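Written below as C-alpha coordinates is the structure these notes are about.
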Amino acid sequence: MRCPYCNSTDSRVTDSRPDIEDAIIRRRRVCNQCGAKFTTVERVQMRDLMVRKNSGKLEAFDREKLRRSIKLACRNRDVGDEQIEKLVTSIHRRLETETADDTVTSAMVGEMVSDSLLNLDPIAFVRFVSVYRKFSRISDFKKILDKIPDADNDAAVCKLPKNSLF
(Lines give C-alpha, C1' and ligand atoms only; values in the text may rest on other atoms or scores of the structure.)
Protein backbone atom coordinates (compact mmCIF):
# COMPACT_ATOMS: atom_id res chain seq x y z
CA MET A 1 0.00 0.00 0.00
CA ARG A 2 1.38 3.39 -0.99
CA CYS A 3 1.78 5.98 1.78
CA PRO A 4 -0.44 9.01 1.04
CA TYR A 5 2.20 11.32 2.59
CA CYS A 6 5.54 10.23 1.10
CA ASN A 7 4.47 7.72 -1.61
CA SER A 8 6.58 4.94 -0.11
CA THR A 9 5.27 1.41 -0.65
CA ASP A 10 6.85 0.19 2.59
CA SER A 11 4.18 0.17 5.32
CA ARG A 12 3.02 -2.24 8.01
CA VAL A 13 -0.42 -3.05 9.37
CA THR A 14 -0.82 -2.22 13.08
CA ASP A 15 -4.51 -3.04 13.48
CA SER A 16 -7.23 -4.79 11.44
CA ARG A 17 -10.90 -4.89 12.24
CA PRO A 18 -14.03 -5.97 10.39
CA ASP A 19 -16.72 -3.37 9.97
CA ILE A 20 -20.43 -3.44 9.14
CA GLU A 21 -21.46 -7.09 9.02
CA ASP A 22 -17.92 -8.19 8.13
CA ALA A 23 -18.31 -6.75 4.62
CA ILE A 24 -15.44 -4.27 5.10
CA ILE A 25 -12.04 -4.56 6.76
CA ARG A 26 -10.35 -1.42 8.07
CA ARG A 27 -6.60 -1.64 8.38
CA ARG A 28 -4.58 0.88 10.38
CA ARG A 29 -1.13 1.27 8.81
CA VAL A 30 2.17 2.97 9.60
CA CYS A 31 4.62 4.02 6.92
CA ASN A 32 8.07 2.58 7.65
CA GLN A 33 9.76 5.44 5.83
CA CYS A 34 8.11 8.61 7.23
CA GLY A 35 6.19 7.19 10.22
CA ALA A 36 2.82 8.57 9.06
CA LYS A 37 -0.33 6.70 10.14
CA PHE A 38 -3.21 6.09 7.75
CA THR A 39 -6.21 3.79 7.33
CA THR A 40 -7.11 1.63 4.35
CA VAL A 41 -10.44 -0.02 3.68
CA GLU A 42 -10.87 -3.37 1.95
CA ARG A 43 -14.18 -4.53 0.51
CA VAL A 44 -14.95 -7.69 -1.41
CA GLN A 45 -15.97 -6.87 -4.94
CA MET A 46 -17.43 -9.84 -6.73
CA ARG A 47 -17.62 -8.23 -10.15
CA ASP A 48 -17.78 -4.87 -11.87
CA LEU A 49 -21.40 -3.84 -12.23
CA MET A 50 -22.65 -1.53 -14.95
CA VAL A 51 -25.87 0.46 -14.66
CA ARG A 52 -28.08 0.97 -17.71
CA LYS A 53 -29.78 4.35 -17.41
CA ASN A 54 -33.25 5.05 -18.79
CA SER A 55 -31.60 6.83 -21.72
CA GLY A 56 -29.77 3.61 -22.60
CA LYS A 57 -26.39 4.98 -21.50
CA LEU A 58 -24.16 2.61 -19.52
CA GLU A 59 -22.09 3.75 -16.55
CA ALA A 60 -20.12 1.98 -13.84
CA PHE A 61 -21.97 1.31 -10.58
CA ASP A 62 -20.89 3.96 -8.09
CA ARG A 63 -21.30 3.24 -4.36
CA GLU A 64 -20.56 6.88 -3.55
CA LYS A 65 -23.34 8.11 -5.81
CA LEU A 66 -25.75 5.67 -4.17
CA ARG A 67 -24.58 6.76 -0.69
CA ARG A 68 -25.02 10.46 -1.56
CA SER A 69 -28.57 9.99 -2.83
CA ILE A 70 -29.60 7.99 0.24
CA LYS A 71 -27.89 10.46 2.55
CA LEU A 72 -29.73 13.33 0.88
CA ALA A 73 -33.08 11.59 1.34
CA CYS A 74 -32.22 10.97 5.01
CA ARG A 75 -31.04 14.53 5.67
CA ASN A 76 -32.29 15.87 9.04
CA ARG A 77 -33.83 12.48 9.84
CA ASP A 78 -32.85 10.17 12.68
CA VAL A 79 -30.77 7.96 10.39
CA GLY A 80 -27.06 7.58 11.13
CA ASP A 81 -24.13 7.18 8.78
CA GLU A 82 -23.71 3.56 9.88
CA GLN A 83 -27.31 2.76 8.91
CA ILE A 84 -26.78 4.40 5.53
CA GLU A 85 -23.56 2.44 4.98
CA LYS A 86 -25.34 -0.82 5.87
CA LEU A 87 -28.08 0.05 3.40
CA VAL A 88 -25.57 0.80 0.62
CA THR A 89 -23.68 -2.43 1.34
CA SER A 90 -26.89 -4.45 1.40
CA ILE A 91 -28.09 -3.04 -1.92
CA HIS A 92 -24.67 -3.52 -3.53
CA ARG A 93 -24.48 -7.15 -2.35
CA ARG A 94 -28.00 -7.87 -3.58
CA LEU A 95 -27.17 -6.42 -7.00
CA GLU A 96 -24.03 -8.57 -7.20
CA THR A 97 -25.69 -11.79 -6.06
CA GLU A 98 -29.26 -11.56 -7.34
CA THR A 99 -28.47 -10.62 -10.92
CA ALA A 100 -26.93 -13.03 -13.38
CA ASP A 101 -25.74 -10.28 -15.67
CA ASP A 102 -23.05 -7.66 -14.97
CA THR A 103 -25.52 -4.99 -16.09
CA VAL A 104 -28.36 -3.78 -13.88
CA THR A 105 -30.95 -1.14 -14.66
CA SER A 106 -31.27 2.15 -12.84
CA ALA A 107 -34.90 1.16 -12.22
CA MET A 108 -33.74 -1.97 -10.37
CA VAL A 109 -31.39 0.10 -8.18
CA GLY A 110 -34.10 2.70 -7.55
CA GLU A 111 -36.64 0.09 -6.49
CA MET A 112 -34.17 -1.55 -4.11
CA VAL A 113 -33.40 1.81 -2.52
CA SER A 114 -37.10 2.67 -2.31
CA ASP A 115 -38.00 -0.62 -0.63
CA SER A 116 -35.11 -0.30 1.82
CA LEU A 117 -35.93 3.31 2.72
CA LEU A 118 -39.60 2.48 3.26
CA ASN A 119 -38.53 0.07 6.01
CA LEU A 120 -35.89 2.43 7.41
CA ASP A 121 -37.65 5.82 7.40
CA PRO A 122 -40.93 6.59 5.59
CA ILE A 123 -40.11 10.31 5.24
CA ALA A 124 -36.78 9.52 3.58
CA PHE A 125 -38.67 7.07 1.37
CA VAL A 126 -41.07 9.81 0.19
CA ARG A 127 -38.18 12.20 -0.42
CA PHE A 128 -36.24 9.65 -2.45
CA VAL A 129 -39.22 8.44 -4.45
CA SER A 130 -40.35 11.97 -5.27
CA VAL A 131 -37.01 12.64 -6.98
CA TYR A 132 -36.46 9.14 -8.39
CA ARG A 133 -39.92 9.03 -9.98
CA LYS A 134 -39.82 12.73 -10.92
CA PHE A 135 -43.01 13.79 -9.14
CA SER A 136 -44.54 16.83 -10.79
CA ARG A 137 -47.98 17.02 -9.18
CA ILE A 138 -49.40 16.92 -5.66
CA SER A 139 -51.45 13.89 -6.72
CA ASP A 140 -48.17 11.97 -7.20
CA PHE A 141 -47.44 12.48 -3.51
CA LYS A 142 -50.98 11.51 -2.52
CA LYS A 143 -50.75 8.23 -4.43
CA ILE A 144 -47.48 7.22 -2.78
CA LEU A 145 -48.60 8.30 0.70
CA ASP A 146 -51.71 6.12 0.38
CA LYS A 147 -49.47 3.10 -0.20
CA ILE A 148 -47.41 3.60 2.96
CA PRO A 149 -48.63 1.35 5.79
CA ASP A 150 -50.18 3.30 8.70
CA ALA A 151 -49.98 6.58 6.74
CA ASP A 152 -53.33 7.53 8.29
CA ASN A 153 -51.78 7.43 11.77
CA ASP A 154 -49.43 10.24 10.82
CA ALA A 155 -52.39 12.65 10.88
CA ALA A 156 -52.62 12.16 14.64
CA VAL A 157 -48.99 13.24 15.01
CA CYS A 158 -49.49 16.47 13.07
CA LYS A 159 -50.38 19.39 15.35
CA LEU A 160 -51.68 21.69 12.60
CA PRO A 161 -55.43 22.07 12.02
CA LYS A 162 -56.75 20.34 8.89
CA ASN A 163 -57.58 23.66 7.21
CA SER A 164 -54.11 25.11 7.78
CA LEU A 165 -52.17 26.30 4.77
CA PHE A 166 -49.04 24.70 6.14
Side-chain angles (χ1 to χ4, degrees), residues 1-135 141 144 148 154 157:
M1 181 56 57
R2 187 172 302 278
C3 173
Y5 302 100
C6 72
N7 278 341
S8 170
T9 57
D10 185 21
S11 66
R12 69 181 186 283
V13 175
T14 59
D15 183 36
S16 290
R17 66 180 82 164
D19 195 15
I20 305 172
E21 300 172 9
D22 294 334
I24 298 170
I25 296 177
R26 295 187 182 279
R27 298 196 192 279
R28 191 73 181 141
R29 297 179 178 269
V30 175
C31 176
N32 290 329
Q33 185 169 338
C34 71
K37 296 179 182 179
F38 58 99
T39 301
T40 58
V41 178
E42 291 180 22
R43 173 181 292 113
V44 173
Q45 183 175 338
M46 296 169 62
R47 55 193 164 137
D48 292 328
L49 290 175
M50 297 299 287
V51 178
R52 183 170 306 282
K53 307 299 245 173
N54 291 333
S55 65
K57 178 182 167 190
L58 273 177
E59 66 179 48
F61 178 80
D62 185 353
R63 283 180 62 95
E64 272 308 307
K65 185 175 180 181
L66 180 60
R67 181 182 294 105
R68 281 191 311 268
S69 64
I70 293 171
K71 194 166 186 144
L72 185 60
C74 295
R75 187 170 173 226
N76 294 328
R77 302 295 303 154
D78 192 21
V79 178
D81 289 338
E82 188 173 312
Q83 289 172 295
I84 292 171
E85 185 59 35
K86 282 182 181 180
L87 194 78
V88 170
T89 298
S90 170
I91 290 167
H92 192 189
R93 274 193 176 168
R94 285 176 52 204
L95 288 169
E96 286 181 325
T97 58
E98 292 178 10
T99 57
D101 195 7
D102 288 345
T103 303
V104 297
T105 64
S106 59
M108 181 186 290
V109 176
E111 291 304 315
M112 283 185 178
V113 173
S114 298
D115 293 345
S116 299
L117 282 175
L118 180 58
N119 294 324
L120 181 67
D121 186 285
I123 301 298
F125 162 77
V126 172
R127 288 175 176 174
F128 179 82
V129 170
S130 70
V131 174
Y132 164 64
R133 295 188 184 164
K134 298 178 182 155
F135 285 5
F141 285 94
I144 202 72
I148 297 174
D154 289 345
V157 174

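Bear in mind that the values here come from a model prediction, so they are computed numbers and not experimental data.
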Please step through side-chain hydrogen bond (donor to acceptor under 3.5 Å, both in side chains) for the pair R27 and S16, ending with a clear verdict. CA-CA 4 Å; R27 298 196 192 279; S16 290; 2.7 Å; yes

Using 0.5 Å steps for rounding, measure from the OG1 atom of T9 to the CD atom of Q33. 8.5 Å

Would you call E98 and M108 a side-chain contact if the rule is heavy atoms closer than 4.5 Å? no

As an exercise, state the distance from CG of N7 to SG of C34, rounded to the nearest 0.5 Å. 9.5 Å

Only counting residues at least two apart or in another chain, list the ones meeting ring-ring contact (aromatic ring centres under 6.0 Å, His included) with F128. Y132

Could I get the full list of ring-ring contact (aromatic ring centres under 6.0 Å, His included) partners for F135, not counting sequence neighbours? F141

Check the pair K71, D81 against salt bridge (charged side-chain N to carboxylate O under 4.0 Å, His left out), reporting the backbone distance first and the verdict last. CA-CA 8 Å; K71 194 166 186 144; D81 289 338; 2.9 Å; yes

Could you give the distance from CG (L95) to CG (L49), rounded to the nearest 0.5 Å? 6.0 Å

Quick check against the 3.5 Å criterion: does S116 have a side-chain atom that pairs as donor or acceptor with the backbone of M112? yes

Identified salt bridge (charged side-chain N to carboxylate O under 4.0 Å, His left out) counterpart of D121 within the set R127, R77, R75: R77

Do the side chains of V126 and I148 get nearer than 4.5 Å, heavy atoms only? yes

For a side-chain hydrogen bond (donor to acceptor under 3.5 Å, both in side chains) check, start with the C-alpha distance between R28 and T39, then their side-chain angles and the critical distance, and finish with the verdict. CA-CA 5 Å; R28 191 73 181 141; T39 301; 2.8 Å; yes

With a 4.5 Å cut-off on side-chain heavy atoms, are D102 and D48 touching? no

Nearest 0.5 Å, what's the OG1-CZ distance between T103 and R52? 6.0 Å

May I ask you to test the D62-V51 pair for a side-chain heavy-atom distance under 4.5 Å? no

In Å and rounded to the nearest 0.5 Å, what is the CE to CD distance from M50 to E59? 8.0 Å

Can you tell me how far the SG atom of C31 sits from the CE atom of M1, to the nearest 0.5 Å? 12.5 Å

Mind jotting down which residue pairs meet the ring pair (Phe, Tyr, Trp, His ring centres under 6.0 Å) criterion with at least one end in residues 52-89? Sequence neighbours excluded, please. F61-H92

Non-hydrogen side-chain atoms of L87 and V79 separated by less than 4.5 Å: no

